[in-house]
Asker: 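My questions will all concern the structure given below.
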Amino acid sequence: MLSLPSLLSERVQAAAGIDPELRPATRPQFGHFQTNVALRLANAEGRPPREVAARLVEQIDLSDLCEPLEIAGPGFINLRLRADVLAGAASQVLAEPDAGIARAPQPRTVVVDYSSPNVAKQMHVGHLRSTIIGDCFTRVLRAQGHTVIPQNHIGDWGRQFGMLVEQILEEGLDASALDLPAAEALYQRANSHLKESEEFADRARERVVLLQAGDAETRRIWQQLIEVSLAGFNQTYRRMNVLLTDADIAGESLYNADLPVVADDLADRGIAAVDDGALVVFTDGFPAPAIIRNAHGGFGYTCTDLAAIRYRVGTLHANRLIYVVGAPQAYHFEQVFAVATRAGYLPSEVSAEFVGFGQVLGADGKKFSTREGTAVTLNSLLDAAEQEAAPSIALAAIKYADLSNGLQKDYVFDAERMVATTGDTGPYLQYAHARVNQILRKAEAEGIGFGAVTVLAEPAEQSLALLLSRFGEVVAQVGDTLQPHRLCGYLYELAGALSSFYEQCPVLKSEGEVRASRLALCASTRKVLAIGLGLLGIEAPDRM
Ligand code: ARG
């Protein structure tokens, strides 16, 4: 369903032939929207603007939606929606199960690659952002009726497992008894060991060969490391209330068998060539070629991502690929997409989108790190927010802070500001929901059901209804543009309109039809707030 503003815009454009660029009216007496389209046309046609405006007013077909159009000042056209139309829109939001979120006309199969932490390392702030953003995309796209396949591309393969397994054997550890912090400590010990001892480095290298060859003991320990890491990741996912499960795990090792296939395919078709012993693809516009296989015969991150694309398109039948990864990896993905396109792994009907995000900064404006200068773990960040507020509020604060700015931007992690119930924060929106719920609860206790919005005389009521009619369209925009801040901004505006409405229009103290209508308007707003917050992965509490 088109929102009322879009519908108006379409109708005016049909008569004027150009985009009317409707703007919200600056004052209630000017109606709801204003356009300068007549002034622009008059300029082009060399005719008096008011004359052009009068002609347009004759031609524009809006009697079913608006009060008679008015011409103002030098030739502006003012549009005022009919109160019954606004009331209908607000009632429809209440009646529809998903508050007017439009089903995509052509549902797609979308792979969202997100979270993707690394085995034997704790999740850090970058993984926090990826997890929150990717989870929001999954929710929004599913609400639109797309099939979403999350892919948690965990780092579960690579040379680091040589030293990890060797260190475990040397220390006589039972890897299955480790937890994630202990596995990370092991990682650090193995790393220092590697730097100190040539002999250990040699053993670690041989161990990589054994791992690749499928040696049983090596594989068993490797598998144990994955399992203890997954247990740690899952704990964090539960704490974050995100959708990811073990079913979404599709780590790097999944593509092991495909790596030589990709390399041979690229080599056979002359797309890749041997350069200095390595198999590479030269890509225009990139300073260095993409390395498919290094001079030692090893396959790396790039080849793995190419194999993953083939799998996602060929086996999962995805026609939209979304990658939620920190901005520094933009170059890697652009190059992977370029190679995949040339190789035909990414046919033109499949879109591949890299959604890079900025860093989380400390209060000092520098990259967020501990006092010792090491990267901050995601769990310690959650702990910090929970020092300021209850868990569900702390989580709302973090998620909203993460989603409400342009994703590319860095943002400062300021727990105290993020949990405030005033200002543009997650808890403010939760509070708006709890407050409207409180009013509705009182009415519910009187046995009142919420029917339709019927009376919309006050400007504050009308603004609220107008905003409600836009919800479905805003959600669709987020699904298309992958910009969650649009939904955040919309919900913030809605919460503001709700509080102006309370100030100007008594609800429980009003009477008769006005009361019933205002209650329905409240119920409609509560619904949009709850569903909207849900799409951000934020809980909408009934009380606060
Ligand atoms: N494991 C990587 C990291 O922690 C992120 C993987 C992103 N996804 C991918 N398909 N490369 O940086």
Side-chain angles (χ1 to χ4, degrees), residues 1-94 100 102 452-474 476-477 489-490 493-494 496-497 500-501 504-505 513-514 517-518 520-521 524-525 528:
M1 155 184 109
L2 274 185
S3 74
L4 290 173
S6 299
L7 215 55
L8 297 188
S9 184
E10 243 181 29
R11 299 273 190 90
V12 177
Q13 174 145 6
I18 55 173
D19 181 355
E21 296 174 13
L22 289 190
R23 298 269 176 273
T26 46
R27 299 220 193 118
Q29 62 263 36
F30 298 150
H32 297 114
F33 294 97
Q34 198 165 54
T35 168
N36 66 359
V37 68
L39 296 158
R40 284 183 280 134
L41 282 181
N43 203 11
E45 294 172 12
R47 307 185 68 86
R50 282 190 71 100
E51 185 190 310
V52 175
R55 186 188 79 213
L56 284 175
V57 164
E58 285 288 303
Q59 288 168 351
I60 298 171
D61 171 23
L62 270 175
S63 56
D64 57 333
L65 298 177
C66 289
E67 302 288 349
L69 305 185
E70 283 171 13
I71 301 171
F76 291 108
I77 300 176
N78 293 344
L79 297 87
R80 183 188 302 277
L81 284 154
R82 280 170 26 190
D84 62 313
V85 170
L86 281 168
S91 302
Q92 204 179 336
V93 165
L94 189 56
V453 179
T454 51
V455 192
L456 280 182
E458 297 298 322
E461 293 172 308
Q462 298 196 353
S463 308
L464 195 53
L466 192 56
L467 268 173
L468 291 170
S469 86
R470 282 184 42 213
F471 177 60
E473 207 168 77
V474 171
Q477 278 170 5
Y490 167 83
E493 206 182 324
L494 184 66
S500 313
F501 161 76
Q504 285 154 42
C505 310
E513 192 182 346
V514 170
S517 178
R518 285 182 183 166
L521 192 59
S524 185
T525 309
V528 168

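Because the structure is predicted, anything quoted here is derived from the model rather than measured.
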Asker: Look only at the side chain of R50 and the backbone of G73, and say whether a donor-acceptor pair between them is shorter than 3.5 Å.
Answerer: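 Yes; at least one donor-acceptor contact below 3.5 Å.
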
Asker: What do the steps show when you test F471 against L494 for side chain to side chain contact (heavy atoms under 4.5 Å, CB included), and what is the final call?
Answerer: CA-CA 10 Å; F471 177 60; L494 184 66; over 6 Å; no

Asker: Identify the heavy atoms of G75 and A38 that sit nearest to each other, and give their distance.
Answerer: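 G75 and A38 have their closest heavy atoms at O-CB, 3.5 Å.
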
Asker: Quick one: CZ on R82 to CG on L456, what's the gap to the nearest 0.5 Å?
Answerer: 13.0 Å

Asker: Report the residue from D19, L22, L56 that forms a side-chain contact (heavy atoms from CB on, under 4.5 Å) with T35.
Answerer: L22

Asker: For residues H32 and L81, report the shortest heavy-atom separation together with the two atoms involved.
Answerer: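 Scanning both residues, the minimum pair turns out to be ND1-N, 2.9 Å.
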
Asker: Just verifying a value: how many Å separate L4 CG and L65 CG, rounded to the nearest 0.5 Å?
Answerer: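 The CG atom of L4 sits 7.0 Å away from the CG atom of L65.
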
Asker: Answer yes or no: is there a side-chain heavy-atom contact under 4.5 Å between P28 and F30?
Answerer: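 Counting from C-beta outward, P28 and F30 never come under 4.5 Å.
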
Asker: For the residue pair D61 and R11, what are the closest heavy atoms and their distance?
Answerer: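 Smallest heavy-atom distance, with atoms named: O-NH1, 2.8 Å.
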
Asker: Would you please test L79 and V12 for side chain to side chain contact (heavy atoms under 4.5 Å, CB included) and show each step?
Answerer: CA-CA 10 Å; L79 297 87; V12 177; 4.1 Å; yes

Asker: Any chance you could measure L69, atom CG, to I77, atom CD1, to the nearest 0.5 Å?
Answerer: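 L69 CG to I77 CD1: 7.0 Å, rounded to 0.5 Å.
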
Asker: What residue among L39, I71, L41, N43 forms side-chain contact (heavy atoms from CB on, under 4.5 Å) with P49?
Answerer: L39

Asker: Using modelled atom types and a 3.5 Å cut-off, is there a donor and acceptor pairing between side-chain atoms of R470 and backbone atoms of S3?
Answerer: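 Looks like no, no N/O pair under 3.5 Å.
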
Asker: How close do L8 and L62 get, counting heavy atoms only, and between which atoms?
Answerer: CD2-CD2, 3.7 Å

Asker: Which heavy atom of C505 sits nearest a heavy atom of R518, and at what distance?
Answerer: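 Nearest pair, atom of C505 first, then R518: CB-CZ, 3.5 Å.
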
Asker: Going from CG on L94 to OG1 on T525, what distance comes out if it is rounded to the nearest 0.5 angstrom?
Answerer: 9.5 Å

Asker: As an exercise, state the distance from CD of Q13 to CD1 of I60, rounded to the nearest 0.5 Å.
Answerer: 11.5 Å

Asker: Let me see the working for V85 and D64 under side chain to side chain contact (heavy atoms under 4.5 Å, CB included), right down to the final yes or no.
Answerer: CA-CA 8 Å; V85 170; D64 57 333; over 6 Å; no

Asker: Treating S524 as the side-chain partner and V93 as the backbone partner, does any N or O pair qualify as donor plus acceptor under 3.5 Å?
Answerer: no

Asker: To the closest 0.5 Å, what do you measure between CD (E461) and OG (S517)?
Answerer: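 One gets 6.5 Å once the value is rounded to the nearest 0.5 Å.
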
Asker: Looking at P459, is its backbone amide N or carbonyl O close enough to the side chain of S463 to form a donor-acceptor pair, meaning the two atoms are under 3.5 Å apart?
Answerer: yes

Asker: Of all heavy-atom pairs between P20 and S9, which one has the smallest distance, and what is that distance?
Answerer: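 Closest approach of P20 to S9: CG-O, 3.6 Å.
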
